[in-house]
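Convention: sequence-line order gives letters A, B, ...; per-chain numbering from 1.
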Protein chains: 2
Amino acid sequence: MAGKKSYCYDYPHPAVATDVVVFTLVNEQLCILLIQRGEDPFKGSWALPGGFLREDETVEAAAARELEEETGVTECRPLQFGIYSKPDRDPRQRVISVAFLDCLRASDVSLRAGTDATAAKWQPLESLQRHELAFDHETIVSDALVAARKACRETPIAAKMLPEIFRISDFQSATEALLGTSIDKRNFRRQLDEKNWLEKTESEARGTHRPAQLYRLSRSVPET
Amino acid sequence: MAGKKSYCYDYPHPAVATDVVVFTLVNEQLCILLIQRGEDPFKGSWALPGGFLREDETVEAAAARELEEETGVTECRPLQFGIYSKPDRDPRQRVISVAFLDCLRASDVSLRAGTDATAAKWQPLESLQRHELAFDHETIVSDALVAARKACRETPIAAKMLPEIFRISDFQSATEALLGTSIDKRNFRRQLDEKNWLEKTESEARGTHRPAQLYRLSRSVPET
DNA sequence: TCAAAAGTGTTCTCTTTACACCCATGC
DNA sequence: GCATGGGTGTAAAGAGAACACTTTTGA
């Protein structure tokens with residue numbers, strides 16, 4: 001592609017990459033997106049989606065681009081939560097990774113094996129085993145979970161895992177899945193209407209029960 | 001020094017630098033450390049201390065090293081709070097900056113002009129004018145202040161601006177300077193002894209008033 | 001009429017804020 | 001004895017946690 005051009009500097013420059021921890025719900029279970037590496041090192045292992053920073057983009061833009069490339073989902077605003085810079089974290093060359101997280105709907109994602117990936121999957125966090133991930137991605141995932149839990153108290157990020165319109169109880173389950181705790185229904189609803197995160201829609205959800213008011217994310221909302 | 005060796009890669013690699021926002025108190029006023037640039041771009045302007053990441057160190061280590069080089073203060077643990085990666089933020093070349101902050105005692109610092117700096121000074125934050133700083137360092141400083149204010153609610157970081165032993169009222173003034181607010185004395189003391197940040201020393205401060213108990217930072221304390 | 005989920009208020013506890021006086025010393 | 005900062009408690013308001021029953025629908 002790039003021919004044989006090479007880029008030279010007087011001092012060593014690290015490669016800079018972004019890694020993205022993508023959370024979603026599959027059957028009410030909190031999962032993260034993993035891709036299977038098609039190249040050494042760690043060929044065959046599962047790893048976080050990510051890639052190298054390009055010349056003309058910020059790290060935020062790089063993370064959003066990677067996310068779109070791996071999932072087909074556009075208009076993400078991944079949240080930066082860490083930097084990983086141990087000199088030997090990648091055995092090939094020095095790579096500094098800027099880590100991001102985002103939540104999105106599993107149904108919007110068309111899992112696609114990327115350029116250097118052979119497969120992709122949604123991995124339930126609960127059944128993620130130790131030493132299953134490449135590089136230091138285990139550390140990144142566990143830091144991401146802490147950051148996501150913090151974020152979902154301050155922003156409606158958990159709603160990004162839901163359909164465009166949803167019931168309050170859906171939003172509560174999503175939040176509970178992310179936090180790993182259960183929340184009292186009345187307290188959850190009260191705190192919710194002190195914020196301005198949701199707006200009513202005209203529709204209701206029907207089922208073998210009382211119809212439920214449906215909501216969507218407000219337009220004027222603190223993004224991630 | 002390094003001769004004419006050069007480092008080549010198949011893809012463009014950005015330079016990675018760390019910038020450190022160092023807070024201290026000079027006459028009860030909150031100040032930050034600035035250095036005057038001896039080279040273009042922005043020759044003669046004031047900027048944050050910082051420098052490039054070396055091959056064998058993490059960004060945290062690089063920030064600590066820079067801090068030591070510019071101030072002579074060892075054993076810092078600067079706190080990472082941001083990344084600045086706009087492609088054109090440095091007109092010479094692409095530089096990504098990982099930003100850190102720390103608090104330290106002005107009396108421990110021997111201000112020294114570094115390799116590419118002609119001078120260094122403590123700049124009172126209050127009298128920092130717009131457009132006075134090089135690059136995007138104004139943004140970095142204002143983000144640092146937000147991060148430092150958050151940190152001083154969670155850790156005794158403000159005490160790092162004080163002598164090794166100090167009165168509670170000193171700690172309160174330092175906290176107030178950092179927060180830019182005044183705090184009720186009794187509330188401050190009550191909240192303080194719910195934490196385990198300080199331990200009593202054997203000594204007292206005397207003056208034309210009732211002697212004051214002196215404290216030091218506890219050994220087992222959440223570092224920055 | 002039953003099963004299933006929706007929706008709704010009150011009490012208690014804990015945290016945060018506001019506020020004023022006496023104490024020990026040096027001069 | 002007076003100026004200076006040190007040290008202390010209580011009440012009110014707000015935030016977070018605990019807790020149970022009625023409503024509406026579909027089958």
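If you measure from atom CZ of A:Phe166 to atom P of C:dA6, you get 14 Å, rounded to the nearest angstrom. A:Arg167 places its CZ atom 8 Å from the C1' atom of C:dA5, with the value rounded to the nearest Å. Rounded to an integer number of Å, the gap from NZ of B:Lys185 to C1' of C:dC21 is 10 Å. Remark: P of D:dG6 and NZ of B:Lys200 are 15 Å apart, rounded to the nearest angstrom. In this entry the distance linking OH of B:Tyr215 with C1' of D:dG6 reads 10 Å, nearest Å. Taking atom CD of B:Glu176 as the reference point, atom P of D:dG5 lies 14 Å away to the nearest angstrom. The CZ atom of A:Phe171 sits 15 Å away from the P atom of C:dA6 (whole-angstrom rounding). Rounded to an integer number of Å, the gap from A:Ile183 CD1 to D:dA18 P is 12 Å.
Side-chain atoms of A:Glu68 and A:Glu75, non-hydrogen and from C-beta on, never get closer than 4.5 Å to each other. For the pair A:Phe23 and A:Met161, the minimum side-chain heavy-atom distance is below 4.5 Å.
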Protein N or O to nucleotides 9-17 of chain C N or O, pairs below 3.5 Å:
from	atom 1	to	atom 2	distance (Å)
C:dT10	O4	A:Arg190	NH2	3.4

Set out, line by line, the N/O atom pairs under 3.5 Å between protein and nucleotides 1-4 of chain C.
from	atom 1	to	atom 2	distance (Å)
C:dA4	N3	A:Thr208	O	3.2

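In this structure, B:Glu204 and A:Leu214 both approach DNA chain C, and ranking their closest nucleotides by distance from the 5' end singles out A:Leu214. Between A:Arg189 and B:Arg206, the residue whose closest nucleotide on DNA chain C is further toward the 5' end is A:Arg189.
Between the side chains of B:Tyr84 and B:Asp143, a donor-acceptor pair is found at a separation under 3.5 Å.
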